[in-house]
Amino acid sequence: CITLPMVICLMCTLPNVNKPGQKTMKHAVWGFAGAIAWIGVFSYIMVAAAEVVGDSAGIPIEVMGLTFLAAGTSVPDLLSSVIVAKQGQGDMAV
């Protein structure tokens, strides 16, 4: 529900390389460049939203950047490391 707008944007702008006939270098380059562009857009939106929340709550922007945004970008790494470690591949988790 929350990620639906992002999924729609990605599906409409990035090639589906899993379809037969779309596994060419052109599609790979377009998909990579598009993914990098979307990461930039989503990062900008995340920082802007954190600024609004911080201003509303009276939290200085420096504190928001050092705590909430840093934690928000580290949690996915933590979760993927835990999943890989549970699968018995501890060397990949490090």
Side-chain angles (χ1 to χ4, degrees):
C1 177
I2 293 174
T3 60
L4 184 62
M6 290 192 312
V7 171
I8 291 172
C9 290
L10 294 173
M11 288 179 65
C12 291
T13 58
L14 298 177
N16 183 1
V17 295
N18 291 325
K19 286 184 181 178
Q22 289 198 5
K23 293 188 179 187
T24 64
M25 183 58 81
K26 179 179 84 170
H27 287 100
V29 170
W30 174 251
F32 180 76
I36 296 297
W38 276 116
I39 289 171
V41 169
F42 293 144
S43 298
Y44 181 81
I45 292 170
M46 183 178 72
V47 170
E51 287 178 2
V52 170
V53 170
D55 287 342
S56 300
I59 301 172
I61 198 161
E62 293 83 8
V63 174
M64 290 294 292
L66 290 173
T67 55
F68 293 104
L69 290 179
T73 57
S74 298
V75 169
D77 291 334
L78 170 70
L79 295 177
S80 63
S81 294
V82 169
I83 290 169
V84 171
K86 285 185 177 183
Q87 292 175 349
Q89 298 177 353
D91 55 335
M92 289 187 63
V94 176

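All values below were derived from every heavy atom in this structure, side-chain atoms included, with hydrogens, water molecules and symmetry-related copies excluded. For clarity, every value in this text was computed on a predicted model and none was experimentally measured.
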In this structure, would Val63 and Val53 fall into the same cluster of hydrophobic residues linked by side-chain contacts under 4.5 Å?
yes
Using the ring-ring contact (aromatic ring centres under 6.0 Å, His included) rule, collect all pairs that involve residues 69-88, keeping only residues at least two apart or in two chains.
none
Sorted by chain and number, sequence neighbours left out, side-chain contact (heavy atoms from CB on, under 4.5 Å) with Val47 holds for Glu51, Leu69
For Thr67, the side chain to side chain donor-acceptor pair (under 3.5 Å) test, sequence neighbours excluded, returns none
Suppose clustering is done on Ile, Leu, Val, Met, Phe, Trp and Tyr with side-chain heavy atoms closer than 4.5 Å. Which residues sit in the same group as Leu14?
Met6, Leu10, Trp38, Val41, Phe42, Ile45
Could you tell me which residues satisfy side chain to side chain donor-acceptor pair (under 3.5 Å) with Trp30, sequence neighbours excluded, listed by chain and number?
none
Apart from Met11 itself, what residues make up its hydrophobic cluster, given side-chain heavy atom links below 4.5 Å?
Val7
Just jot down the side-chain contact (heavy atoms from CB on, under 4.5 Å) partners of Pro5, sequence neighbours excluded, or say none.
none
Not counting sequence neighbours, which residues clear side-chain contact (heavy atoms from CB on, under 4.5 Å) with Leu4? List them please.
Ile8
Atom of Pro15, atom of His27 and distance for their closest heavy-atom approach
CG-O, 3.5 Å
